[in-house]
Amino acid sequence: MVTFIYLLIATHLLFVGATCPTLCNCDLKDAIICRGTSIKDIGSLLLPSNFTYIHIMETLATEITDKSFGNMPVTLRLRLEANHLTSITRNAFKSFPHLKSLKLTDNKLKTLPAGMFDSLISLEQLFLDKNCLSSLHPNLFCCLQHLEELILNRNQLTSLPDELLKNLTKLISLNLSRNKISHLPMSIFSSLTKLKKLFLYDNQLVTITSSAFNKLGELLDLALYSNSIQFVAQDAFYHLPKLQSLKLSKNKLQLLPYGLFLHLPQLSTLTLYDNPLKELPDVLFGKMENLTSLWLYNTHLTTIPNFVFCNLTNLQLLVLTRNAQLDSLPKEAFSGLNNLLELSLHSNNLSSIDNDVFQNLQLLEKLSLYSNNLKVLSENMFYNLTKLQILHLNNSNLHTLPGQIFQELPSLQMVYLHSNPWACYCELTDFKMWFQQNQNKVYNPMSLVCDTPFTLSNISVLAAGESICHYTTAKQNNLDTTANSQTTSNIQSTYSYNNIEFTNVKTQPISYTTSPTATTWETRTIKNTVFFVMIPTTAIQDLNAGVLKPIPYVSNVPYNKIIFFLHLFNTVLQMFALFLCSVLLVLMRRLNNYFEGLTEPVVLLRILIPLDPVP
Ligand SMILES: *[C@@H]1O[C@H](CO)[C@@H](O)[C@H](O)[C@H]1NC(C)=O
Ligand SMILES: *[C@@H]1O[C@H](CO)[C@@H](O)[C@H](O)[C@H]1NC(C)=O
Ligand SMILES: *[C@@H]1O[C@H](CO)[C@@H](O)[C@H](O)[C@H]1NC(C)=O
Ligand SMILES: *[C@@H]1O[C@H](CO)[C@@H](O)[C@H](O)[C@H]1NC(C)=O
Ligand SMILES: *[C@@H]1O[C@H](CO)[C@@H](O)[C@H](O)[C@H]1NC(C)=O
Ligand SMILES: *[C@@H]1O[C@H](CO)[C@@H](O)[C@H](O)[C@H]1NC(C)=O
Ligand SMILES: *[C@@H]1O[C@H](CO)[C@@H](O)[C@H](O)[C@H]1NC(C)=O
Ligand SMILES: *[C@@H]1O[C@H](CO)[C@@H](O)[C@H](O)[C@H]1NC(C)=O
Ligand SMILES: *[C@@H]1O[C@H](CO)[C@@H](O)[C@H](O)[C@H]1NC(C)=O
């Protein structure tokens with residue numbers, strides 16, 4: 001009987017190394033995969049010992065004990081992902097002498113016992129991400145001398161023990177992102193001389209000290225974005241000669257130290273956006289031949305220093321947008337950017353742009369300035385931009401444009417000018433000439449509408465300008481000219497004159513073959529602008545009948561002021577006259593007293609004109 005039982009156990013043990021457990025799948029060569037919620041205890045699976053890869057996933061197992069696995073001499077990779085593990089005993093992995101990769105991703109681990117990895121001296125990859133780890137024992141990784149990849153992201157770590165990474169001299173990649181780390185011990189990374197990737201984003205770091213990264217001579221990729229960094233030591237990045245990517249966006253940086261990026265010759269990615277930067281130091285960037293794009297949006301910058309980008313000679317894209325306080329750009333702001341292809345300056349508060357600011361950007365193809373506060377642009381602002389193809393000037397509070405502004409742009413394909421409050425006065429005529437001939441280069445040309453004069457608001461610039469200009473001329477010529485009947489006249493509007501509402505009147509140029517005999521001038525004040533409405537008397541009848549529409553001449557001359565001063569002058573004059581009269585009256589009365597009694601008019605005359613000899 002005893003022999004029988006012994007035999008049974010023996011065959012069972014033999015079978016352990018041979019058959020596939022019922023809840024597992026052994027179809028793949030060398031790999032066993034056990035998954036599903038019917039697995040509640042890993043030990044009860046009785047895993048065969050001759051598999052190189054073991055995957056136990058999405059089970060309800062909550063613990064791994066010293067007895068969960070038998071001896072696994074050939075296993076290289078153990079993946080225990082997405083289970084419900086809350087505890088692992090100290091010697092649980094003792095039976096995997098050759099393990100190279102251990103993945104404990106997506107479990108519910110809160111703590112790990114000290115020494116649990118001590119036997120895994122061949123381990124190269126350790127995944128502990130997506131757990132609830134809040135602290136780590138200082139010696140937890142002390143024996144993992146071959147570890148190359150340590151993944152600790154998505155945990156609850158608030159700090160790291162100074163000694164934690166001391167023996168990880170072969171580490172290449174360290175992912176500590178999405179934790180709550182607020183402080184880095186001085187020399188936490190000092191042994192990681194082979195490290196190439198360091199991810200610290202989405203933590204609560206406040207300060208980056210001088211020595212934090214000074215031993216990481218091989219580092220290529222450093223992600224520090226989405227922290228609360230307020231201060232970075234000036235030389236924090238001075239010992240990273242191979243760094244290619246540095247991400248500092250989404251922090252609380254208000255100031256950057258002088259020369260912060262002077263020694264990063266290999267950098268090809270640099271992010272700084274979403275920082276409340278108030279100003280940039282005069283010297284910030286060193287030579288970075290591989291840096292081709294730079295994004296600086298959502299900052300509190302009000303301007304940028306002259307020459308600040310002058311070392312970035314290979315930059316192709318510069319995005320300096322959504323800086324609500326950025327209101328000026330100095331003359332040499334973009335000096336040195338000789339290879340820039342695209343410059344985005346939209347959604348700032350730019351009102352003064354130096355005339356020469358774009359002059360060096362000889363390869364520029366796209367320039368966007370929309371959503372600013374430009375009002376006017378100078379004629380030679382875009383000179384020398386011979387490669388410029390796309391220009392965004394929409395929604396920039398532009399009232400008018402110089403006629404020559406786009407003439408020097410041989411490559412121009414499309415200019416966006418809509419959503420601007422165009423002032424349809426005579427000054428726009430030169431620009432309109434260009435516009436009429438280049439409608440194919442203007443985005444949605446009919447969407448350019450007048451804002452002023454009041455009576456032309458919302459009327460297409462193409463349709464409106466000329467008639468205004470015509471009447472300006474007509475006024476100068478005392479209405480002697482015959483109206484030019486070519487005037488485009490498909491203007492629809494509502495207009496009220498002398499209480500007569502003209503709705504949707506087709507505007508016609510008032511044309512006369514003979515000079516009108518007299519004109520009536522009407523003034524009225526709308527929105528603080530005095531409108532001089534000029535109507536030839538001969539036209540009044542037609543006007544009242546609704547056949548003609550009066551065409552307003554809106555003047556830039558400050559008539560309200562002139563009228564005010566005229567009134568003032570008039571009043572003063574009247575008062576002076578009054579005063580003179582009073583004086584005269586007093587004098588008369590005195591004279592009267594003097595001559596009291598004398599009744600002969602001759603004597604009176606003699607006294608009044610004493611020098612004249614009596615004839
Ligand atoms: C494990 O060993 C059994 C025999 O003992 C064999 O049939 C099976 O193919 C082996 N599996 C692997 C992955 O080597
Ligand atoms: C590093 O490993 C050695 C053994 O290789 C060990 O003696 C030492 O204590 C370890 N250092 C730390 C900080 O754990
Ligand atoms: C961080 O670790 C995760 C593993 O969970 C990995 O997928 C990711 O690529 C790593 N790096 C970054 C930059 O997130
Ligand atoms: C730029 O990057 C390329 C590889 O992408 C590299 O070969 C080259 O050396 C780099 N240039 C500089 C100046 O770092
Ligand atoms: C450009 O780089 C050189 C050397 O890298 C540095 O001395 C200089 O100050 C930098 N200039 C600016 C304007 O950043
Ligand atoms: C934008 O500039 C104008 C002056 O041009 C200023 O009044 C306004 O406050 C500025 N807006 C912001 C958000 O700074
Ligand atoms: C345009 O560029 C040329 C050199 O290509 C330069 O001599 C000239 O001064 C520039 N024009 C303006 C207006 O800056
Ligand atoms: C300006 O025009 C571009 C292209 O049509 C568009 O993407 C952008 O949203 C416009 N901006 C505004 C504020 O209208
Ligand atoms: C301007 O005209 C468009 C269509 O022609 C119309 O939809 C819009 O309401 C008008 N706006 C005003 C302020 O009249």
Side-chain angles (χ1 to χ4, degrees), residues 79 81-82 101-107 125-131 133 148-155 157 171-179 195-203 219-226 234 237-238 241 244-247 249 256-267 269-271 276 278 280-289 291 294 298-315 321-330 332-337 347-353 371-376 396-397:
R79 191 168 166 197
E81 194 172 343
S101 171
L102 173 59
K103 199 163 196 173
L104 288 161
T105 301
D106 195 7
N107 280 294
Q125 259 188 334
L126 178 56
F127 288 81
L128 292 165
D129 51 314
K130 255 183 127 182
N131 277 291
L133 299 170
E148 291 177 358
E149 196 171 358
L150 177 56
I151 308 296
L152 278 162
N153 55 318
R154 296 223 235 173
N155 276 293
L157 298 170
L171 206 63
I172 289 172
S173 177
L174 175 57
N175 196 338
L176 286 163
S177 61
R178 302 207 206 175
N179 277 289
L195 200 69
K196 290 189 194 301
K197 297 180 177 190
L198 177 53
F199 303 120
L200 283 162
Y201 64 89
D202 258 319
N203 274 292
L219 202 65
L220 304 176
D221 198 345
L222 177 56
L224 290 165
Y225 59 94
S226 298
Q234 180 179 26
F237 310 127
Y238 278 14
Q244 292 173 355
S245 169
L246 175 56
K247 293 181 181 153
S249 43
L256 296 174
Y258 181 95
L260 184 66
F261 308 123
L262 267 185
H263 304 287
L264 296 166
Q266 303 285 329
L267 211 64
T269 303
L270 176 61
T271 69
K278 286 184 173 157
L280 299 180
D282 291 342
V283 171
L284 184 58
F285 309 102
K287 286 255 177 282
M288 300 181 192
E289 286 181 5
L291 193 71
L294 183 62
N298 282 351
T299 73
H300 295 172
L301 292 173
T302 55
T303 186
I304 51 171
N306 274 322
F307 300 105
V308 70
F309 303 118
C310 80
N311 276 329
L312 306 182
T313 46
N314 285 333
L315 208 63
T321 61
R322 288 192 262 147
N323 301 299
Q325 286 152 49
L326 186 71
D327 55 15
S328 66
L329 291 174
E332 305 289 352
F334 304 122
S335 282
L337 296 175
S347 313
N348 293 311
N349 196 17
L350 292 172
S351 54
S352 71
I353 298 185
S371 298
N372 274 296
N373 193 17
L374 299 171
K375 292 199 183 78
V376 285
S396 271
N397 205 15

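Counting starts at 1 for both ligands and their atoms, in listed order.
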Quick look: Y201 vs ligand 3, heavy-atom contacts under 4.0 Å, and the answer is side chain

So if I count the atoms of ligand 5 from 1 in the order they appear, which ones are less than 4.0 Å from some heavy atom of C310? 13 (C)

Numbered atoms and elements of ligand 5 in range of F307, under 4.0 angstrom, heavy atoms: 13 (C)

When you look at N397 and N373, which way does the side-chain hydrogen bond (donor to acceptor under 3.5 Å, both in side chains) test go after all the steps? CA-CA 5 Å; N397 205 15; N373 193 17; 2.9 Å; yes

Test side-chain hydrogen bond (donor to acceptor under 3.5 Å, both in side chains) on T271 and S249 and set out the steps. CA-CA 5 Å; T271 69; S249 43; 3.0 Å; yes

In terms of ring plane angle, is the pair F334 and F309 parallel, tilted or perpendicular, where the classes change at 30° and 60°? parallel

When you look at Q244 and Q266, which way does the side-chain hydrogen bond (donor to acceptor under 3.5 Å, both in side chains) test go after all the steps? CA-CA 5 Å; Q244 292 173 355; Q266 303 285 329; 5.3 Å; no

So which of T302, N372, L350 actually passes side-chain contact (heavy atoms from CB on, under 4.5 Å) with L326? L350

Sub-3.5 Å N/O-N/O distance, N311 and ligand 5: yes

Numbered in order shown, the ligand 3 atoms found under 4.0 Å of a heavy atom of I151 are 2 (O), 4 (C), 5 (O)

Put together the list of close N/O pairs, under 3.5 Å, between ligand 6 and the protein, could you?
{"unit_1": "ligand 6", "atom_1": "2 (O)", "unit_2": "N349", "atom_2": "OD1", "d": "3.3"}
{"unit_1": "ligand 6", "atom_1": "2 (O)", "unit_2": "N349", "atom_2": "ND2", "d": "2.4"}
{"unit_1": "ligand 6", "atom_1": "11 (N)", "unit_2": "N349", "atom_2": "ND2", "d": "2.7"}

Using a 4.5 Å cut-off on heavy atoms from C-beta on, say whether the side chain of F199 contacts that of D221. yes

Taking the side chain as everything from C-beta on, heavy atoms only, tell me whether L374 gets closer than 4.5 Å to S351. no

N323 and its side chain to side chain donor-acceptor pair (under 3.5 Å) partner, picked from N298, T303, T299: T299

